[in-house]
Amino acid sequence: MNNKIVYTPGPTSVRENVRLARSNKTTNPDIDKDFFDFYKNTCDKIGNVIKTKNDIYILSGEGILGLEASCASLTEKGDRVLVIDNGIFGKGFGDFVTMYGGEVVFFSKERTKDIEIKELRDFLDKDSDFKYATIIHCDTPTGVLNDLSEICPLLKEYNILTVVDSVAAMAGEEIKVDDWKIDVVLGASQKAISAPAGLTIVSISKDAKKAMKSRKSNIAGFYCNLTIWENYYERKSFPYTMPISDILGLDKAVDNILDEGIEKVLERHEKVANATRKSLKEYGLDLFLRGGYSNTVTAIKIPEDIGALKLSNYMIENYNTLVATSLGEYKETILRIGHMGENARLEKIINILNTIDQSLKQLGFNSNKNLVELFNKFYE
Ligand SMILES: *Cc1c(COP(=O)(O)O)cnc(C)c1O
């Protein structure tokens, strides 16, 4: 199980120094004051990655916890919530809103490109009575990337709080939380950050905190209540025992990013993603998207006579290589490669493209071109 080549859009590969950090001796994270400093320091470092001075918390639970917790903490019965949907995760946000009594209004657009700011503006001119809006930064099943630098400030103009799922983009795509006025940003350990799965990252603005605290009704539940974290550092008290080994690993993964430099990390993603897209097209495959390409994941249409499931099974059986198909309606047709985090590296992408090239040809795909050669041609 542990010797596979993993090239999925998260969980992604974890560097050895992160794995080793998780094996360090631990203290009691409930009462050791040094751990509060350590935890706070990790949060501050994440703030440097996503460019914010807002409060950041690391929650014990995989990325979905952040999506549910923001909806649980913000939504009161009858609140109108705008769910911006141009992908499977985008639409799915509506389920969490409904679960906590909110009234969902979808802004649904085609899934093959990013949200157009003008269309959103026209929509808001007619109806902007929303407590908050949800949007996905990179919607992973199709890889579409939305331009938060335009969308979030626009929503703020209309006094709408923003909840952004950046789970599949954080540390692989630029995000400037403060400049772009994003109220709640969600991330997770196992995507571009390249630590093992198990942790959610949440950043919360003052406006979002105010909205959570000025509710008329109580927040349902405890685990999903984000207000229980407030002033944890001053109080030296966490709401529950922190998974210290996971956090030691996350801290090291964040150090890896900051040691390389976030700008350099983003540039590495861009170079790899660009050349991947160009080479796949010239090789004779179609990309799923027409615009809004993310640099963390590429969705490729696999010819029907082969099919994405058959190809991915073939790759695991013959090359010990794990890639992902897609979700829902795209499961049979789309293959996804996750060139994110530790996998956004030249030696790794070349290996995976070679495996795709060989597998496709062995399954009858007709191309006289070589995917790796094409990649090298476009990589600059
Ligand atoms: C991975 C991911 C999550 C977390 O969901 P899981 O399916 O549990 O991994 C949330 N949002 C996005 C956009 C993701 O890519």
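In listed order, ligands and their atoms are each counted from 1. Residues take their numbers from the sequence shown, with the count starting at 1.
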Side-chain ion pair, Lys361 and Asp357, N-O less than 4.0 Å: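 Here Lys361 pairs with Asp357 in a salt bridge, since their nearest N and O are under 4.0 Å apart.
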Proximal ligand 1 atoms for [X], defined as those under 4.0 Å from one of its heavy atoms:
| X | result |
| --- | --- |
| Thr140 | 12 (C), 13 (C), 14 (C), 15 (O) |
| Ala168 | 15 (O) |
| Gln190 | 9 (O) |

Polar side-chain atom of Glu173 near backbone of Ser294 as donor-acceptor pair, under 3.5 Å: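 A pair under 3.5 Å: no.
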What is the closest protein heavy atom to [atom], and at what distance does it sit?
| atom | answer |
| --- | --- |
| atom 7 (O) of ligand 1 | Phe89 CZ, 4.0 Å |
| atom 11 (N) of ligand 1 | Asp165 OD2, 2.6 Å |
| atom 14 (C) of ligand 1 | Lys191 NZ, 2.9 Å |

[Y] and [X] side chains, donor-acceptor separation under 3.5 Å:
| X | Y | answer |
| --- | --- | --- |
| Glu68 | Tyr223 | no |
| Asn351 | Tyr7 | no |
| Asn86 | Asn146 | yes |
| Tyr158 | Asp125 | yes |

When you look at CG of Asn231, are more than 12 heavy atoms from neighbouring residues, nucleotides or ligands closer to it than 6.0 Å?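 Yes, CG of Asn231 has more than 12 neighbouring heavy atoms, counting only those of other groups under 6.0 Å.
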Residue portion contacting ligand 1 (non-hydrogen atoms closer than 4.0 Å) for Glu62: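 Within the 4.0 Å criterion, Glu62 contacts ligand 1 through side-chain atoms alone.
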When you measure from the heavy atoms of Cys138 to every atom of ligand 1, does any distance fall below 4.0 Å?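 For ligand 1, residue contact (heavy atoms, under 4.0 Å) with Cys138 is present.
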Taking only non-hydrogen atoms of Asp139, do any sit less than 4.0 angstrom from ligand 1?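 Heavy atoms of Asp139 never come under 4.0 Å of ligand 1.
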